[in-house]
There are 2 protein chains.
Amino acid sequence: MSSIRELAHRCGVSVATVSRVFNTPEVVSQQTRQLVLDMAAEIGYLPNESARTLATKKSNMVGLVWDTDHRRPGWRHPFLQDILVALKSALSAQGLHLLMLAPDQSAGPAGRQRFLRAVQRHNVDGVVIIDNGSRDPAVLALADAGVPCVALDLRFTGPTCTYVTSDNRGGGRLAAAHLIDRGHRRIATITGPPDTWPAAERLAGFRAVLADAGRSLDDADVVAGDWYLDSGHTAMRRLLARDPRPTAVFAAGDEMAVGAMRALHEAGLRVPEDIAIVGFDDIEVAALIPPGLTTVAQDKTGIGTAAAEAMVAMLQGTVTPEPTALPTTLIVRGSA
Amino acid sequence: MSSIRELAHRCGVSVATVSRVFNTPEVVSQQTRQLVLDMAAEIGYLPNESARTLATKKSNMVGLVWDTDHRRPGWRHPFLQDILVALKSALSAQGLHLLMLAPDQSAGPAGRQRFLRAVQRHNVDGVVIIDNGSRDPAVLALADAGVPCVALDLRFTGPTCTYVTSDNRGGGRLAAAHLIDRGHRRIATITGPPDTWPAAERLAGFRAVLADAGRSLDDADVVAGDWYLDSGHTAMRRLLARDPRPTAVFAAGDEMAVGAMRALHEAGLRVPEDIAIVGFDDIEVAALIPPGLTTVAQDKTGIGTAAAEAMVAMLQGTVTPEPTALPTTLIVRGSA
DNA sequence: TACGGTCTTGAAACCGGTTACATAGGGGCG
DNA sequence: CGCCCCTATGTAACCGGTTTCAAGACCGTA
């Protein structure tokens, strides 16, 4: 691996000049610049990132924190992969790389310690937090330390923190409007955990539209799940016990919607003839499961891209961008 | 951020001694060691990873290469997330971190250049390649350069390369055996692209069992898809045109199986009564789609863990571990 | 008492960059 | 002509570690 000194020597210039060629090319003469660049290409010189990080304290790496919820070992972000692709792509366009930094939940507090240290030791420029559940103390510590943070699907603000989410409230509205359009009058909902922000927002939007239409939502028609399939199943059974039975259900997450559909199937009811279902997220399964789940889609790529942009903005300027809420869209399939 | 010199000064020892406390503790006296450790904890000293990398040329980071198939922009590894979790967890238990290094396919050759440089510049210790499709030239260059590589689901060997896969052939056997057990006589199959290794293996195993049972597989009963849903749909329609119609189909990938089921549904046929289906992979949807897809499950966590182990072995010793094939298991659900 | 060996420790070079500061050369202007 | 400023480059300190080599302390032994 050729070093900057070797390159400098071969070109008959000083190392400082070589360094300048790569960092502040405008201050070096056209002639010298070309000479250095040609020679660099010839011997395959590449600046060593560790040395550069050491000298500048900037690593061009952003940490990716995810899966910090140890209460749920099997926790899966519903569209991690889509976000990852978009995030990675947008960041690498800026010369930034992604270092995965999940605090090892199996290792408990020790794992969290390691995680925090990893962030500091590697001079990570910032972190992206992808998690819609708990707030990890280690992550909060990062924010306190002034590390630029961009959270996804998680309300997270501070002097150096911002977040990107979908317009959950608007999404809730879309769902309600669609069901009303379809002529449903007895509409129930399966929400997410009441203490989570997306769940609260989706419910609020949903409720608002119903209210506008002159229909209030009976408390017994709102049952909370935990985003996972089984909870949707349970919730739906509870709703089926209502009398009169709802003719439509808005499930605030697709997995719960699928669970609900399963409960309906078991009860011998048909979707959408007997009960209509609208989900939220637009996960892969939504398109695959018959009769197709009508759902409020989140802009997964947009979320990843917006997160990258926010991160870049924080890294370049000193401003902390305002939180972004990306529009959601209703995807009409067969279930409503 | 406190440096090693500060810590050394506070302890009244030399920086060399401090360094030894963290790297070769056995050579420093019990007393000094304790003093340094206590003081380090007190002032929150953490060795700087960049400086260490610079000095030792080991970064404790392994690169993760994935999504290198630009022929398919939407390429999704069927269980990236599961593998990622296992891989990350096993690696971080060894103090290794994961740096995402997808060659940016949208950037074409330039992106690939950047990628290669990233690997070198960051002194990545090794690379995990997760991709069951094409072989990226940039990745091959890495292998040539002697970078330790572990490939997943991809036959990839060399002096510093090994790979981890499922026992695809055995899985094909399981599928065939199950269908024969169920009394099926007219069995067809939807394979993956014939030029891919997993597809060939699965088919080989499948064929072998049929042959053992005295049944040969008519060429017209073997139709190839491209792993994706639509191709399963198309393939199934082709198979339905056969006379007599097969009573069972082994789809070498779950997505294709789902596509096949959809085609059956459209044709007014029922699963498993009219036609039985067995898939391969056990992706999330398999459990969700009615009546439940009977499938050959890959050990996703095992794959991630095995990959991590192989990587660690290469990093520590000088040996390149033999390729590993993880056992598959048949998950019986409702489709067969 | 002198000597060799073992155990600890320190001094200093080195890894490969960046950057503050100094300097040399050239041009414009009074 | 002398002065000043500007541009292009070099010198050397520095980032925060690791590691080689040498040396001091202490021990047992001849």
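Quick note: numbers below take in every heavy atom, side chains included, and nothing from hydrogens, waters or symmetry partners. So that the names make sense, note that chain A is the first sequence line, chain B the second, and so on, each numbered from 1.
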Would you please confirm or rule out a distance under 4.0 Å between OP1 or OP2 of D:dG17 and any side-chain N or O of B:Asn48? no
Among the nucleotides C:dG16, C:dT18, C:dT8, which one has an atom lying closest to any side-chain atom of A:Ser3? C:dG16
Of the candidates D:dG16, C:dG17, D:dT11, the side chain of A:Tyr45 sits closest to C:dG17
Determine the contact category for B:Ser50: base if any of its heavy atoms lies under 4.0 Å from a base atom, sugar-phosphate if only primed atoms, P, OP1 or OP2 are that close, otherwise nothing. nothing
Side chains of B:Leu84 and A:Leu84, heavy atoms from C-beta outward: is any pair under 4.5 Å? yes
If you only use heavy atoms from C-beta on, which nucleotide in C:dT18, C:dT8, D:dG17 is closest to the side chain of B:Ser29? C:dT8
With sugar-phosphate meaning primed atoms plus P, OP1 and OP2, does A:Ser19 contact a base, only sugar-phosphate, or nothing at under 4.0 Å between heavy atoms? base
Output the single nucleotide from C:dT18, C:dA11, C:dG17 whose closest atom is nearest the side chain of A:Ala51. C:dG17
Using only modelled atom types and a 3.5 angstrom limit, is any donor from either the side chain of A:Arg121 or the base of D:dG17 paired with an acceptor on the other? no
Where the side chain of B:Arg5 is defined as all heavy atoms beyond and including C-beta, which of D:dG16, D:dT19, C:dT18 is the nearest nucleotide? D:dG16
Picking from C:dG16, C:dA11, D:dT9, which would you name as closest to the side chain of A:Ile4? C:dG16
NA contact type, A:Phe22, heavy-atom cut-off 4.0 Å: base, sugar-phosphate, or nothing? nothing
Please tell me which of the listed nucleotides, C:dA12, D:dT18, C:dG17, lies nearest to the side chain of B:Ala16? C:dA12
Let me know, please, whether A:Val15 or B:Val13 comes out on the 5' side of the other along DNA chain C by nearest nucleotide. B:Val13
Counting the atoms with a prime plus P, OP1 and OP2 as sugar-phosphate, which does B:Val18 contact under 4.0 Å by heavy atoms, base, sugar-phosphate, or nothing? nothing
Under 4.0 Å between a side-chain N/O of A:Lys58 and OP1 or OP2 of C:dT18, yes or no? no
Within the structure shown, what part of the strands sits under 4.0 Å from B:Thr17 by heavy-atom distance: base, sugar-phosphate, or nothing? sugar-phosphate
